[in-house]
Amino acid sequence: SHDIFVAPQLVHPTTTGGNSDFRRGGLLPIARLTDAVMAEEPPTSSRAAAAGRGGGRGRNAAGAASDAAIAAGLPIFCRPRHLQKGSNVYSVPLWDFTARWMPKELGALGGGGSRFSSAAATGGGAAPAVAAAGGYPEGSTQTAKPAEDNGKSEEKSNKGSEKSDSEPDNENEDEETAKKADADDDDDKGSESDQSEVAWEGPLGHESRVWSRASCDGGLLLLRRLAVAPATGVGASTSSTPTPNEQEAENSGATPSAPSTYGLGVCSALFSRAEQQEGSDTSLDKRLAAVLKMREPHWAVCALRSGHFAGAVFKGQEAVVHKAIHRYTIRAKSGGSQAAADSGKKIKSAGSNLRRYGETRLKEEVRELMTDKWAKELASCELIFVSVSKRMQSTLLGTEREPFVPSSKVRKLPFMLGRPTFEVVREAYLRVASVTFAEEKTVEALTARFKPVQEPTQEELEEKARQKEEKAKQKAAAQEVKPVKVYKEEEDELYTPLHAATAAGDEAQLLELLEDGADPTARDGKGRVPFFLAPNQKIRDAYRRFRGSNEELFDWAAACVPDGITDETEAQKKEKEREKAKRKKQRQKAAKAEAKEEAAEKAKHEEEERKMLEAAQIKCDNCSKPIVSKPFSRLEFQYCTPECVAAHKRQLQAEAAMKRFGGSA
């Protein structure tokens with residue numbers, strides 16, 4: 001074995017971490033340099049470099065966010081630029097991972113854990129931490145082993161990592177390790193613990209305590225819980241400034257509680273349907289380990305919607321090929337595609353013909369692209385992610401008999417896309433190729449909607465049924481129609497003879513009862529006075545006349561009888577009526593005289609206008625009448641009608657003949 005050294009001039013000042021070898025101008029072993037580079041990303045600007053040279057003084061917000069991620073137990077490569085503030089998670093693309101990073105829980109499946117993992121630490125603290133957070137399912141490869149075995153496996157892992165610095169990994173040993181792990185695990189058992197935290201929904205059949213579904217920014221993730229190791233070695237923060245939680249705990253005198261787990265989520269489209277249906281931790285861990293080893297994923301993303309197609313083949317961060325197509329296929333005002341409209345009836349119009357042509361051309365262009373122009377690129381892709389409706393699926397992917405691409409490569413994107421463009425497709429690829437890291441408290445929020453609903457107990461069911469029955473009874477009682485009692489006058493004890501005489505319209509009996517002292521203020525069972533039952537004006541006037549002659553006998557206001565009628569009041573009423581008729585007759589006479597005067601004035605005015613018009617108009621030279629329309633002209637004469645023209649012509653000819661013979665006309 002041998003050591004490799006590098007000159008200090010080739011290393012950024014902040015990478016040394018104040019190492020004494022650099023201050024003395026010495027050399028630093030390459031292994032120590034690698035640890036330093038992995039633990040600290042060099043600043044990219046002069047201001048950041050100055051901040052790095054200043055140590056803990058003057059740290060910017062980005063440095064604080066990075067320290068917060070480290071304090072939460074997340075990997076060191078979770079940088080502030082990866083933070084999604086809306087959901088409070090870190091979305092890290094695969095190409096931003098360090099060279100050999102792999103969680104310790106997946107070390108046996110991924111070819112050996114790296115010492116740069118956040119879970120890589122001395123001792124056996126990783127497995128117990130996950131067991132405390134929820135444990136591993138029975139039959140899973142993550143079942144905690146004795147501390148002695150953990151120490152041996154970690155020692156073997158460290159030896160493998162040191163060996164990888166000088167020579168390639170032994171692939172045969174990795175395969176044997178993976179086979180041994182598969183042999184030790186029984187996939188048929190699954191996770192049978194009654195204390196399972198999250199149950200799979202849909203096609204996923206088994207329960208898991210370390211895997212769960214999660215929703216982030218409208219997309220579906222499969223999230224793996226990983227243990228957080230003590231912050232030692234490379235994974236520890238190099239900053240001397242305490243985090244806000246540590247500072248608060250220090251001020252209060254309490255010991256800060258370090259998180260025990262964190263969440264690692266990947267897009268659910270990266271898992272096949274068979275893996276999700278099996279639902280065992282081992283199969284999901286194997287696929288996750290394979291994804292985390294990728295640094296340049298070779299995938300394709302295609303989207304088709306509303307006459308817009310966009311697709312691209314990516315390798316790592318670069319797009320190998322990409323294409324966007326747009327055809328007129330959607331009915332602008334009515335909405336929907338032309339093919340959907342033709343399924344009901346045949347539409348004949350210029351626009352429908354254009355849309356049918358656009359649909360045909362779109363199918364041809366997509367087919368040519370998928371089967372000819374991009375055939376080589378798509379064949380080399382590991383996965384092809386699509387966003388397309390069921391009706392347009394045959395246009396993009398072909399039929400079951402003649403598929404454009406192998407169906408085993410096709411995965412549907414678990415989130416919605418906007419109008420297909422290259423920018424949208426590139427953003428979708430970035431979401432799929434990014435791994436989500438979430439703190440322990442954030443994991444609970446992301447997985448809350450997928451947690452199973454606790455089944456109610458028998459007592460709760462009985463109580464719920466009882467409450468439902470009581471509500472039904474109350475509703476039925478409220479809707480029950482109470483019988484309405486019919487009012488009958490003969491059964492009313494308060495209904496007096498005066499009420500009956502008034503309702504019958506018997507004026508003589510009415511006056512007789514009033515003379516005998518019947519009370520007109522008495523009310524019946526409905527609260528009505530006798531006057532209220534009067535059927536006509538005659539009976540009402542009888543009450544008023546009686547009141548006029550007997551004003552002091554009863555409380556007529558309480559009896560609701562208007563002012564009384566006497567001989568004097570009747571005479572005054574008749575006099576008012578005569579005066580009213582007289583005034584009406586006078587008004588009618590004045591109106592007639594005024595109308596006559598207006599008619600005479602109007603006739604006079606019209607006559608004057610006629611005379612003025614006649615004086616102003618041209619008169620016919622034959623009949624001397626005014627010409628009211630376009631005149632007829634002959635020589636210098638003007639006529640009103642053709643008859644006048646002919647008559648005047650004969651007259652002029654006769655006068656001319658008489659003059660020739662010496663006579664007079």
Between F415 and R431, is there a cation-pi geometry (under 6.0 Å to ring centre, at most 45° from the normal)? yes
So, H605 versus E601: side-chain donor-acceptor pair below 3.5 Å or not? no
Does a side-chain N-to-carboxylate-O contact under 4.0 Å join K468 and E463? no
Look at the side chain of D506 and the backbone N and O of A501, then say whether any donor-acceptor pair between them is shorter than 3.5 Å. no
Could you tell me the separation between the OG1 atom of T329 and the CD atom of E359, rounded to the nearest 0.5 Å? 5.5 Å
Residues that L264 engages under side-chain contact (heavy atoms from CB on, under 4.5 Å), provided they are two or more places apart: W101, P103, L226, V266, L288, L292, V435, F437
Quick one: do R610 and E607 make a salt bridge, cutoff under 4.0 Å? yes
Would the distance check show the side chain of N353 and the main-chain N or O of S349 forming a donor-acceptor pair, the cut-off being under 3.5 Å? yes
Between E460 (side chain) and T457 (backbone), is there a donor-acceptor pair under 3.5 Å? yes
Geometric class of the Y639/H648 ring pair [parallel <30°, tilted 30-60°, perpendicular >60°]: tilted
Does the distance from a Lys or Arg side-chain N to an Asp or Glu carboxylate O, for R225 and E444, drop under 4.0 Å? yes
Reported CG-to-NZ distance for the pair L635 and K649, which is rounded to 0.5 angstrom: 9.5 Å
With distance as the sole test, does N536 use its side chain to make a donor-acceptor pair with the main-chain N or O of I539 at under 3.5 Å? yes
Start with the C-alpha gap between L514 and Y543, add the side-chain angles, then the distance that decides, and say whether side-chain contact (heavy atoms from CB on, under 4.5 Å) holds. CA-CA 9 Å; L514 290 174; Y543 271 99; 4.2 Å; yes
Under the side-chain contact (heavy atoms from CB on, under 4.5 Å) criterion, do V301 and V432 qualify, and how do the steps go? CA-CA 10 Å; V301 181; V432 175; 5.9 Å; no
Spacing of K526 atom NZ and L533 atom CG [to the nearest 0.5 Å]: 10.0 Å
Is it true that Q586 and R583 share a donor-acceptor pair across their side chains at a distance under 3.5 Å? no
Any donor-acceptor N/O pair, R547 side chain to V561 backbone, under 3.5 Å: yes
Let's go through K573 and E570 carefully: what are the C-alpha distance in whole Å and the side-chain angles of both, what is the deciding distance for salt bridge (charged side-chain N to carboxylate O under 4.0 Å, His left out) to 0.1 Å, and is it a yes or a no? CA-CA 5 Å; K573 182 179 180 181; E570 286 185 352; over 6 Å; no
After noting the C-alpha distance and the side-chain angles of C302 and L396, does the key distance pass the side-chain contact (heavy atoms from CB on, under 4.5 Å) rule? CA-CA 8 Å; C302 298; L396 180 62; 4.1 Å; yes
Under 3.5 Å donor-acceptor, D524 side chain and L494 backbone: no
Ion pair present between E575 and R578, side-chain N to carboxylate O less than 4.0 angstrom? yes
Nearest-0.5 Å distance, CZ of residue F546 to CD of residue E507: 12.5 Å
Within the 6.0 Å centroid threshold, strictly below: F531 and W556: no
Using only heavy-atom distances, determine whether the side chains of T496 and H499 contain a donor-acceptor pair under 3.5 Å. yes
